[in-house]
Every structure is written in C-alpha cells, then in structure tokens.
Amino acid sequence: MENYIGKIVSPFDENESIDFVRLSISNERIEIEFSSNKTYYGIIKTIIGVFNGFGRVTLVNCQNIGTSSGAGADVRKFSADYLFKGEFIKNPESFYFDRVSIEMTGLLDWTKISTINNNLFTDRKLTIEDTDIIEIYNSDNFSIEIFSSNEINYKIENNQITIKENVGLKIKSSNGDINIWDYLDLIGELKKILFILSNKSTKIDSTNFYKENKKPVTLYWIGNNSLGSPSPMNPRIKFEDIKPNLNNIIHNWFEKEDLHISIELILEKSINTKLSDENYFLNNCFSIETFHRRFKNYKLFNKDEFKEIKKGILDSIQETNIKELISNNLAHINEPNFRKRLLDFQSDFSKILPKELNTEEYITKIVKSRNYLVHRSSTKKVFNKLDMYYASIFIETVIKINVYRVLGVNEDLIEKLLAETGLTVKGFYDTIKRKQVEK
C-alpha cells in the first residue's frame, strides 16, 4: 500500500479545493480521506488532485465508503475504481490515446524473451542486448506487439546495481486513437486468452497510456491483478509452439465471442478460490453444455419434419393452457440431452481419463452427479467429493482443448496436450488417494 498527501478539487464544489488529503493505493484498493462537513452518497464520476511525490491524479467512479467524526470536521473516505496518474481526465469517455503498454511478469515466464546475456561465470560479464519487437496481431483497428524491457537501479551507498527485466504487450491504434475504456476491454480479453493458452499469471506490473508528444498516463486499477492462480493440472501451451499462429488465434478469440461464456464459467474457480467443489463442478457442466450448443449443436430429427410433427401435436389440443404447456416442453426436445452432448467429446475424455476407467460409464457418472446437484435426484452412481473435484478438472480440460481447436491450434499439439494433461492429473489424483489410504 502506497500513501501520499496532497490536495483535491472538492467533489462537492468545483470552485473549492481541499488540502491535506490522504491517498492510499494498492491493486486491491484506491482510497482518499479528507475533512469535510458536506455529505454525498452517490457515485462521483471524477475527482482530480495533486499529491506530493506522486503528481497529478484523476480518480474515477468514486463512492463514499465511510465517515468518522473529528475535532473540527467530519473525515470522509472515498474509494475509486480507477486512478490515472499524470493527467487530469475529467471526462474519460472522450479521452483517447494512440497506444497502451502493459508489462506482465507471466509473459516473461511464458515467452522466455530476455534482454540479459549472462556470462558471469565464464567471462565475468553481463550484457543487456536489444531484442526484436514481435507483432502477434494486426487488424484494421489496432495491432498488438510483444516487447521486452529492463529497469536498472543504482544504490551507490551499498555498491549495488539491480537489473529488473520484464516482457509486455503494446496495443497500438491503427486508425485514429482509441478510447480509454475500449483499451481496458482489450486488455481484459487479452488477459483471458493468455491465461487459457499459457496457464501463467496475468498480473500486470504497469499499465501506461501514451499520446503523441505527451507524457505517459499510468493507470492503477483492480484489473492489474491476475485472473487467478495457474493450476499445475491445467493444460499449457508453449509460446514457441504457437508463435507463428498467434495472429490467427487472437483473431478467432476476438471474432468468436460465443467462446467467452464457456471460458468465463471455467475461470470462476481461478478467480474465486472459495467457490465450492459442487459449484465448480456445475460451472464446468454448464460450460461444456454451452460450448456444445454453440459450436457442435445439431438437431435429433430433420428440422422441417419435426416442425410438422410439433404442429400436428399442438393442433390436436383444444385447451389453451395445456397447449401452451406442451409447446414450452417441445421447445428443446429436438436438441441432444446432456449425456448426448458429453458423448460428442468421448474421444477427448478417453485420452485424459485413467486407463482403468470406462469412458461411457464415467460420462454417465458426470450426468448423474449433475442431475443430483440440480434436482436432488438419486445418489446412485454419483461422485464423492474428491472424485467430483477431479471430474471438474477433466471436464475443464476437455473444454479448453476444444476451445483451442476453435481458436485454430494445431491438432497434433492438441493430442500432445491431452496425453500430457491426463498423466499429470492422474499423478495428483493417485498421490491424494494414497495419502487417504495411509491415514
């Protein structure tokens, strides 16, 4: 948590200023405290101010979160969703930049792009070399580049030099400037696709906006946090394996928005670590059903033929309420049920499930367990708590693998990921079962 003292333009009267304002910043919280006898409980769009050792700031979407009484006046505490450092931005909707850069530690770990040539043990020499900027996406509206950076700090009193390197993404407008919120939407979508592909942290170390001939504007917001903690049991694709195809993969991610719903459902466990195993399992069942409906859906019977059959059934019913009831029940009867949807992924399940498990029987247990949680039906052939957790992981893996297919990942690589992930998950499962037996 960083703390600064400064002054702001009063959120209650733009002709007044308030001194001795305390600003507290972290990725989790942006807060200001100041003395005022005035009260306001709505959302204040922007508050601008200047803080010692920090500079100009704009706080966006500010809300009163607390009041305490002092000797001379009440102390108001406001939280903000965003803080822009370096510029007064009174109307973010009409503020545009030509590019934004984000630095992300997980990108360094994934890409292995390094500017440091370390020969300390052989030549007692360490050098920093330039690396090529890699364009990974280009469209009519914007392009995305991967770049490397380094920061050198000197501490003369300790005879210490520290070099920090990082890798980032630069989003550049191709046809006029892009609005702040549009950039943030793009950053959010890129974090999702990078998390799904790399299984690395998406924590952002810095977010800087640029406009020609102007100083950068730095953003502090909760979006700097990682989408979640990478799981050792999730599939992960090496950067070099998809580097030549990243433009097509990212294009498909932006174009095929129906993918996003399935991904957001399976990401909830990463974001919300307190999500119960039952809800984790149900989320993944809903996710794979949603994916199938949008990308593999089919009708059980010929559409026109079924339409005639449905019309004949409804025409034979005189009672209006019963006709409406039957019509509602027939609405989705020509679509596959959950079991048939899962069977469409049977080949993928068979490659990641342990060899001793029968794939069809396992799919039946998934269906029975899902029905039990939703309808509290029979407990026969329902997973226990541990097996339900691992069933969730298997379902999640199948979803991700099929998302890779839709994005355009090479099928040979997908087959390799299925085999590797299956062995990894089985290893974790066997270890836990062995520990349970030992107890």
- Message: Between Asp344 and Lys340, does any NZ, NE, NH1 or NH2 come within less than 4.0 Å of an OD or OE carboxylate oxygen?
- Response: no

- If you measure from CD1 on Ile366 to CZ on Phe394, what distance do you get to the nearest 0.5 Å? 9.5 Å

- Hey, could you give me the CG/CG distance between Asn283 and Leu265, rounded to the nearest 0.5 Å? 5.5 Å

- Message: Which residue in the set Tyr183, Phe97, Phe254 passes ring-ring contact (aromatic ring centres under 6.0 Å, His included) when paired with Phe142?
- Response: Phe254

- Task: Could you check Tyr220, Trp181, Phe95 and say which one makes a ring-ring contact (aromatic ring centres under 6.0 Å, His included) with Tyr82?
- Result: Trp181

- Quick one: which of Leu23, Thr46, Ile48 gives a side chain to side chain contact (heavy atoms under 4.5 Å, CB included) with Leu59? Leu23

- Message: For residues 370-399, which residue pairs pass the salt bridge (charged side-chain N to carboxylate O under 4.0 Å, His left out) check, not counting sequence neighbours?
- Response: Asp277-Lys385, Glu278-Lys385, Glu289-Arg370, Glu396-Lys400

- Go through Lys238 and Glu240 one step at a time and tell me if the salt bridge (charged side-chain N to carboxylate O under 4.0 Å, His left out) criterion holds. CA-CA 6 Å; Lys238 292 180 180 178; Glu240 288 298 325; over 6 Å; no

- Query: Does atom NZ of Lys368 have more than 12 heavy-atom neighbours from other groups under 6.0 Å away?
  - Reply: no

- When the ring planes of Phe383 and Phe281 are compared, do they come out parallel, tilted or perpendicular, using 30° and 60° as the limits? perpendicular

- Message: Using 30° and 60° as the class boundaries, would you call the ring planes of Phe239 and Trp110 parallel, tilted or perpendicular?
- Response: perpendicular

- Could you walk me through whether Ser148 and Glu165 pass the side chain to side chain donor-acceptor pair (under 3.5 Å) test, one step at a time? CA-CA 7 Å; Ser148 60; Glu165 66 173 342; over 6 Å; no

- Message: Using only atom types and a distance under 3.5 Å, with no angle test, would you say the side chain of Asp98 pairs donor to acceptor with the backbone of Glu212?
- Response: yes

- Message: Please evaluate residues Ser79 and Arg29 with respect to the criterion side chain to side chain donor-acceptor pair (under 3.5 Å), reporting the C-alpha separation (whole Å), side-chain torsions for both, the decisive distance (0.1 Å), and the verdict.
- Response: CA-CA 7 Å; Ser79 69; Arg29 295 205 312 272; over 6 Å; no

Sequence neighbours left out, cut at 3.5 Å: what donor-acceptor pairs do the side chains of residues 188-199 make with other protein atoms?
from	atom 1	to	atom 2	distance (Å)
Glu189	OE1	Trp253	NE1	3.3
Glu189	OE1	His260	ND1	3.3
Glu189	OE2	Lys192	NZ	3.4
Lys191	NZ	Gly223	O	2.5
Lys191	NZ	Asn225	O	2.5
Lys192	NZ	Glu264	OE2	2.7
Ser198	OG	Leu194	O	2.6
Ser198	OG	Lys200	N	3.2
Asn199	OD1	Ser231	N	3.3
Asn199	ND2	Ser231	O	2.6

- Taking side chain to side chain contact (heavy atoms under 4.5 Å, CB included) as the test, write out the residues that go with Asn64, two or more places apart. Tyr41, Thr67, Arg76, Phe78

- Item | Lys296 NZ/CZ over Phe345 ring centroid, <6.0 Å and within 45° of normal | yes

- Message: Pair Asp205, Lys203 - check salt bridge (charged side-chain N to carboxylate O under 4.0 Å, His left out), show working.
- Response: CA-CA 6 Å; Asp205 299 308; Lys203 180 181 182 296; 3.4 Å; yes

- Going through the checks in order, is the salt bridge (charged side-chain N to carboxylate O under 4.0 Å, His left out) test met by Asp430 and Lys426? CA-CA 6 Å; Asp430 288 345; Lys426 185 178 187 304; 2.7 Å; yes

